[in-house]
Peer 1: 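What follows is a single structure, and I will ask about it in a moment.
Note that the coordinates shown come from a computational prediction; the quantities given were computed from them, not determined experimentally. To find a chain, count down the sequence lines: A is the first, B the second, and so on, and within it residues start at 1.
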Amino acid sequence: MDRLKLVLQYFQSNSESISNGICIILALVSVKVYTSFDFNCPCLPQYNKLYSLGVMIVPPIILFFLGVLVNRHTGVMIEERMRPIGNRSKNPAVVKYLFSAMIQRALLAPMVWILVTLLDGKIFICAFSVSVDPALFSGLPNNTGLDVIKIMAKVPCKEDSIFRNSSFRKAVSRYVRCYSQAVGWSILLFLIVLVAMGRLIKPYFDDHATSLQTRYWSNYLDVEQKLFEETCVLHARDFARKCVVQFFEDMREDAVLRLPQPLFLRNSREEWEDKEEERLHGVSKQEQVDQLLNKWYHSKPELDVTRMAHRPRTCVTWEDREGRTLYSDV
Amino acid sequence: MDKFRMMFQFLQANQESFMNGICGIMALASAQMYQVFEFSCPCMPEYNYTYGIGLLIVPPIWFFLLGFVLNNNVSVLAEEWKRPIGKRHKDPTILRYMFCSITQRSLIAPAVWVTVSLMDGKSFLCAFSINLDIERFGNYSVMNGLTETDKLKLLARIPCEMLFEHQEIRLAASRYIKCISQACGWMFLLMMTLSAFLIRAIRPCFSQATFLKTKYWSHYIDVERKMFDEACKDHAKSFAKVCIHQYFENISGEMQTLHHHRTTGKDDSDDGEEDKRSDEEKLMGIRAQDDMNKVLWNWHTCKPALALRKEQMEGENNGKLNGNAKGAANGLVNGHNHEVAKKEWAVYYSKV
């Protein structure tokens, strides 16, 4: 339980690792779907190839789009690309970085599907059993009255009766599976070499300083969007609470005199109200909220928080009559 | 147990993730139900098609409606749609947004059923076995010399393993139809994914600002409803407390006061008064049944405008300043934010 919590916390620590986690989960889902999918070769010469190539190509496309959909960076990237400039200049390098990161992550699950199908071999057998030369193997059943093509097309189907007493089917399957696995391993090797070369060569072509900057700002955009959503949620909650209280108080029939309350009670109530008002940040009307949200899209604020970070803090000092300091605080 | 608790806490963290959780559970339930369900094709020409296609379409409709039933937002949407305008005007984009999000979530379980059923192939086999052309599977002489109705009856028996004697034809035919059914399933899945992709990835290109607005206000409506329920509950509790307290006071008037003088000291009275005062505060001035009825009635017929009074907040600020100035030679540190800093400037000046 603790370990799981630690793992979850690690993955949620920053947006990149969340995306990596989702990417890995999608790859595992892809393997699970393949194992639970009931591959059903039609065993007819006209349809074998079509069916097999369909099963090898359509699921990766679906997985790719799913990978793009579940990635948070897609939304961030599109929003950053489509927003008006406003107070904040646009950096195309950040958009390019987000795009390439998103594409790389989305490509993992489709590659896993293709590799698993190749290493398993069923699809190759279904697609290419017709192209095998039967003369290479002995035991071709020639008493059924069917053409050679139709017989070869039936090789992927185990239950078929024409292969009942011969090892022809198994021999052809093994042969084609061997090709399929060779292709699979070659593709895997090629991909790994490509990735390794890419990682080794990249520092020579890329300016490390600029890439640090782009990484920082792309992470920043993601965090900013998340925080904005959270702030909106908290604001809505406080707005709602105040609206409801105001509604109740407006319904009062008799005028109630507000007598001054003793100081200690006042302070305790004020602290709670202080906190509430702080959270509202002065935005307390529908038009103000609408304006805020409109401006957030059309004219994002500049990336400069000096005002908030270095707010002038007054220091108040109490002195007695002789000028000795009694108490001082910000 | 711990795992369940953690999952529940995570899911209830906010309304959206709770609804996503329900959505996921329904999708799993849909897949599980398909596995558990015993598909039994009638194997008769008149009923095969109805049974096969019916089982492909009716359960998804059922799951879709169940999704609406289980979604809390449906009643929020209906309420927002039917309420009179009052002081708060209605925004049709918010209603559309809520309806779209409810519909999207409800569509997942039906899509899972349709996909699983197409990948399995039994529905298609049952529905379309009578349309098969046996000739393409080989040179079989089974159909020679049969009348049309007999041919149909024979073809209709293909989905039933026990009723059809020629196993090779049955296997070849079921493989063929299953292959078509799986192709349809993958195409369906591809179409759903593409449309989801288009909706989610292309939408930010248009009307993103309006989207932010509608998302905020639809979440606000949901939260406001919850806050109102909580406020009503608190009010009812305080109302009940004060009501009962008053009742006891009225019934046993002198005995109560005598008892009070003799036993309780000064230390109790402060706490008692604090409790009474906080209850009084929670009542917010609504102390009669008619008043409360009016509150509840007006909440639906005339919702308040979305504008918090600033004068109330400013008035209280001034009051605080004066209170502190009167109170205070003892430091008044109430936190280190700039609002407090502003107040202390004023105090500094007023002291001078």
Side-chain angles (χ1 to χ4, degrees), chain A residues 1 37 40 42-44 47 51 54 58-59 61-62 65-66 68-69 74-75 78-79 82 145-146 157 159 161 232-233 236-237 239-249 251-253 256 263 265-266 270 273 277-278 284-286 289-290 293-294 296-298 311 313-314 316 327 329-330, chain B residues 2-3 14 119 121 138-139 168 171-172 175-176 178-179 182-183 186 189-190 193-194 196-197 200-201 204-205 208-209 212-213 216 219-220 223-224 227-228 231 277 284-286 291 294-295 298-299 304 306-310 313 316 320 323 327 331 333-334 336-339 341 344-345 348:
Chain A
M1 218 38 233
F37 176 64
N40 176 66
C43 292
L44 296 167
Y47 299 112
Y51 179 81
V58 170
I61 297 179
I62 294 177
F65 282 118
L66 267 180
V68 168
L69 267 178
T74 316
I78 294 186
E79 212 184 292
M82 305 303 296
L146 295 168
C157 296
E159 329 73 44
S161 54
C232 278
V233 163
R237 175 171 279 261
F239 199 52
R241 195 177 285 142
K242 277 210 154 321
C243 201
V244 167
V245 167
Q246 200 172 279
F247 177 74
F248 270 79
E249 288 177 355
M251 291 280 124
R252 255 178 287 187
E253 291 259 310
V256 174
L263 196 59
L265 256 188
R266 209 127 199 252
E270 279 160 18
E273 281 204 13
E277 273 155 37
E278 235 182 81
S284 54
K285 279 210 186 92
Q286 181 180 16
V289 174
D290 283 344
L293 294 169
N294 207 24
W296 179 257
Y297 175 67
H298 280 113
R311 272 174 296 188
R313 283 156 153 230
T314 51
V316 182
Y327 184 81
D329 207 337
V330 291
Chain B
D2 235 0
K3 244 187 288 181
N14 63 345
M119 295 297 184
N139 246 344
E168 307 108 42
L171 280 173
R175 265 203 304 265
Y176 176 70
K178 194 167 174 183
C179 154
Q182 284 181 345
W186 284 117
L189 208 50
L190 183 67
T193 312
L194 274 177
F197 173 75
R200 287 200 78 180
C205 298
Q208 173 74 346
L212 283 176
K213 201 172 85 149
Y216 179 88
H219 178 254
Y220 173 83
V223 166
E224 193 189 44
M227 291 286 136
F228 185 74
R277 267 216 192 82
M284 295 184 268
I286 312 284
D291 286 343
K294 190 166 170 221
V295 165
N298 275 0
W299 184 253
L306 291 162
L308 300 177
R309 283 192 298 267
K310 244 206 179 122
M313 296 198 294
E316 283 169 356
K320 272 181 243 165
V333 184
N334 248 346
H336 296 263
N337 49 8
H338 75 285
E339 271 148 29
E344 294 193 302
W345 268 113
Y348 185 67

Peer 1: Under 4.5 Å heavy-atom distance to chain A, tell me which part of Leu190(B) shows up: side chain, backbone, both or neither.
Peer 2: both
Peer 1: Side chain, backbone, both or neither: which part of Tyr47(A) has a non-hydrogen atom closer than 4.5 Å to chain B?
Peer 2: side chain
Peer 1: Among Trp299(B), Tyr216(B), Phe197(B), which residue has the highest count of heavy-atom pairs closer than 4.5 Å to chain A?
Peer 2: Tyr216(B)
Peer 1: Is Leu44(A) in contact with chain B via its backbone, its side chain, both, or neither, using a 4.5 Å heavy-atom distance?
Peer 2: side chain
Peer 1: Counting heavy-atom pairs under 4.5 Å with chain A, which one of Arg200(B), Lys178(B), Glu224(B), Met119(B) comes out on top?
Peer 2: Lys178(B)
Peer 1: With a 4.5 Å heavy-atom cut-off, do Trp186(B) and Ile62(A) have their side chains touching?
Peer 2: yes
Peer 1: For the atom pair CG (Leu171(B)) and SG (Cys157(A)), what is the distance rounded to the nearest 0.5 Å?
Peer 2: 8.5 Å
Peer 1: Quick one: what part of Ala196(B) sits under 4.5 Å from any heavy atom of chain A, side chain, backbone, both or neither?
Peer 2: both
Peer 1: Where is the tightest heavy-atom contact between Ala236(A) and Val223(B), given as atom of each residue plus distance?
Peer 2: O-CG1, 4.2 Å
Peer 1: If you count heavy-atom pairs within less than 4.5 Å of chain B, which of Val244(A), Ile78(A), Leu69(A), Asn40(A) leads?
Peer 2: Asn40(A)
